[in-house]
Each structure stands twice: as structure tokens, then as C-alpha cells.
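As C-alpha cells, the structure follows; a few thoughts come after it.
The model shown is predicted, which means the values in this text are computed figures rather than measured ones. Labels below follow one simple rule: chain letters A, B, ... track the order of the sequence lines, proteins then strands, and each chain is numbered from 1.
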2 protein chains.
Amino acid sequence: MQFSKSTDYALHALLHLCLSDHGNNIGIKELSATLGVSESYLSKIMSKLRQDGIVRAVPGMNGGYELARSAEQITFLDVIQVIEGRQHLFECSNSKSQQHRLLVETETAEQECPQCIIEAVMDGAEQHLHQYLQEHTIQSVLDEAFKRCDHEANKK
Amino acid sequence: MQFSKSTDYALHALLHLCLSDHGNNIGIKELSATLGVSESYLSKIMSKLRQDGIVRAVPGMNGGYELARSAEQITFLDVIQVIEGRQHLFECSNSKSQQHRLLVETETAEQECPQCIIEAVMDGAEQHLHQYLQEHTIQSVLDEAFKRCDHEANKK
DNA sequence: ATCAATATGGATCTATGATATCCATAATAA
DNA sequence: TTATTATGGATATCATAGATCCATATTGAT
Ligand code: SF4
Ligand code: SF4
């Protein structure tokens, strides 16, 4: 269970949009050269980011990409969900098994079946993970970088 | 990004070992029938669980599987790591890129390069996830099931 | 000692998804 | 009009998950 390379690329692409923010758009050529990923592949990723409203894109001369909102408003969770999708971390695949009947029998209330206990644990894990990822933004990474930089400067 | 079906199977297999604990070993046939998974496939999973010391196995007549330690001592994290492996959630794949040099330049201390900032965020996420999964054991699922059962009984 | 039952591990097959490339098309600014 | 750039479909390649089969080893029962 790992995040895909695409997530890696997406994060770095967004960071580059922040760092080289000279008002203009950044073309796929520059992004591709900076990240060391092919233009074709990276453009798919950028396109996804655009569809989800993370970046804006304009075609044509001097076109390219720019952030659609400020770096404080782009969380790690946003980026990850665009690339990895929004499926649950755990989705039961054997609810027709004999096991399931036994487990659910324990809790087979009158009406609405409450959430399965295993799924409850797993969904809890997912919520914790999401909450953490939501508290960390692209901006927070930049801030941390500057902080480290200052720290180094002070030591000299 | 999702847990594999094998993780699902492993958890249910362990639950079955707990629930039908009549002192004897449980054979792969019974497990297979209960979970609705082929014997061949499930036996691979059980074998992994054995290699990591989660269950014991004895071949021969009346052989089968049993828990190698109590259900309180088997955490979700244990099971998940056996099946999914122990790779990090995030492993950078472009540390040779131009981008990397720019990001690390900011923090390029004298000696030991501190952890990359992106990896720091991701590893933090991983730690949170692991901590949660470590606090939930097979036994805690059983307890929750009994609690629900009692609650239903009281309502009647 | 023999036999039946059971787990183990290697080999292999298939399905699925991640990674990656190419190209035709549309949109935009100069 | 033209050069430039993003877009999306089609397709190819590769790795991994999911699954099956079989030869072998181990054990208890006879
Ligand atoms: S008990 Fe929960 S996880 Fe297990 S089969 Fe039923 S729904 Fe799925
Ligand atoms: S900055 Fe971190 S995540 Fe990015 S390329 Fe360097 S090591 Fe990898």
C-alpha cells in the first residue's frame, strides 16, 4: 500500500508553481524539465489537477498553469484524492460469506444495519489519516523550508 | 490507494480462529468454506501469518491453524503489515531531479541532510495511521461485537 | 510401517491498474 | 493566419494482485 508516483509528481509540480511565481503561467515544458518527467505523462496529471480546481490552465502562446487558489488552501489531502481517487481505504469484498452472517448476526438490530465492526475500525483509521493530511498544505511545506533556511542562517 | 483483498481475508480468518475456538486446530478447509475463498489462495495468506508469528500451524491429521498469541496481542497493524508489506506510504522517486536540488538547497546543512520536508509530512501521516491501527486489536473487535449484542439484549 | 490428511512452497496463469507514449484536435495570443 | 500550448483518446508496457495447480514434507491414526 503506497501512494503512486503520480502523487509525487503532482506535489512537486504544485511546489514549482509556487516557487517560480513570477506572475506568468508555467508551461508543461518547464515543469517537465524541472521534475524530470515526460511532458505527455505530466500533462495528464496537470489535467486532473485542473479538473478538480487545483490549478488553472490556459492554452496558446504564453499559456500554461497557475494555482487556482492560494497555497494555504491546497491541502495534501486535496492533491492525494485527485490522483489516488476517493475510494475507501477498506472495502469489504466478502459480505456474502458465511463469516459475514455470523459477525453481523451479533448486531442484527431491528431496522438499519449499523456499520460493520471491521469497517468501523478501518474507517476510523481513514478519518485519522485524512484529518492529518488536511492539516498540511502546500504553504506549510514552504513555511517549513523557510524556517529551516533561517535556522541555518542564524547558526552562521 | 486501498488495502488488498488479502488483508480482508487475513482479518476474517483470524476472527474465525477466535470465534470457533474449541481448543482444536482449524483446517484450511473449514476456513476456506467459511470465508468463501479458495483453499489454495487462503493457504498462502495463512502461511504468511505463520511466518510472522501470528498463527501456528501443524500439518497432518487433525492439523490446522491456531492463534500463536492472544487476540489482545494481535493488532490491525500487525495483520496489515504482514500482508501489505512494510514499505513506506511515500517513497520519493525523483531525488535526482532539478526540483530536488532546489528544495534541498534550502536546508543543505553542513553534515547530515535532514529529512526531506515532503517526506516528513508523509511520514507523519504514516505514523498517525500506524498508531491508530496499533491501538485496535482483534480482541477489540470481538469486544465491540459483544457490547453491541448486550445493548440489543437490554433494549428488549 | 503404512496410509490418509494436512500444510508448504514453487511455478504459473490471468486480471487489473500504474506508468508511459503518441497523435489528432481545440484553444489562445501575437 | 500562424505558432504555441493544453486536452483527451488510443494504445503500449510493466508491475502487482489475485488465483490455481501440483509436488513435497510432515503428522496422526491404523
Ligand atoms: S463482517 Fe464486515 S468486513 Fe466482514 S464480511 Fe461482513 S461487512 Fe464485510
Ligand atoms: S524534495 Fe524530497 S520528495 Fe522532492 S525530490 Fe527531493 S527527496 Fe524527493
Hey, is the side chain of [X] poking within less than 4.0 Å of OP1 or OP2 on [N], counting only N and O atoms?
X: S43(A); N: dG8(D); answer: no
X: S4(A); N: dT19(C); answer: yes
X: Y9(B); N: dA19(D); answer: yes

Rounded to whole angstrom units, what separation is found between the [atom1] atom of [X] and the [atom2] atom of [N]?
X: L42(B); N: dT20(D); atom1: CG; atom2: C1'; answer: 14 Å
X: M61(A); N: dA6(D); atom1: CE; atom2: P; answer: 13 Å
X: Q2(B); N: dT16(D); atom1: CD; atom2: C1'; answer: 15 Å

| field | Contact nearer the 5' end of DNA chain D, comparing M1(A) with A57(A) | value |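 Its nearest nucleotide being more 5', the pick is A57(A).
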
| For the helix from dA1(C)-dT30(D) to dA30(C)-dT1(D), how many degrees between its two end axes (five pairs per end), to the nearest 10°? |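 The angle, to the nearest 10 degrees, is 20°.
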
| Hey, is the side chain of K44(B) pairing donor to acceptor with the base of dG18(D) inside 3.5 Å? | no

| note | Assign each of V58(A) and Y41(A) the nucleotide of DNA chain C bearing its closest heavy atom; nearer the 5' end lies the nucleotide of Y41(A)

| request: Indicate whether the side chain of E30(A) and that of H16(A) have a donor and an acceptor atom separated by less than 3.5 Å. | output: yes

| query | Would you call R86(A) and D52(A) a salt bridge, using N to O less than 4.0 angstrom? | reply | yes

| task | Kindly state whether the ring of Y132(B) and the ring of H128(B) have centres lying under 6.0 angstrom apart. | result | no

| query | Who are the side-chain hydrogen bond (donor to acceptor under 3.5 Å, both in side chains) partners of S43(B), not counting sequence neighbours? | reply |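 If we apply the side-chain hydrogen bond (donor to acceptor under 3.5 Å, both in side chains) test to S43(B), skipping adjacent residues, there are no hits.
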
| query | Between S140(B) and T137(B), is there a donor-acceptor pair closer than 3.5 Å when you use the side chain of the first and the backbone of the second? | reply |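 Present.
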
| So, the side chain of Q99(B) versus the backbone of T34(A): is there a donor-acceptor pair under 3.5 Å, distance only? |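 No: the side chain of Q99(B) does not pair with the backbone of T34(A).
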
| To the nearest 0.5 Å, how far apart are CG in D8(B) and CG in L35(B)? | 8.5 Å

| task | Please list residues of residues 45-54 of chain A whose heavy atoms come under 4.0 Å from any atom in DNA chain D, ordered by number; otherwise none. | result |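 When residues 45-54 of chain A is checked for heavy atoms under 4.0 Å from DNA chain D, the hits, listed by number, are S47(A), R50(A), Q51(A).
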
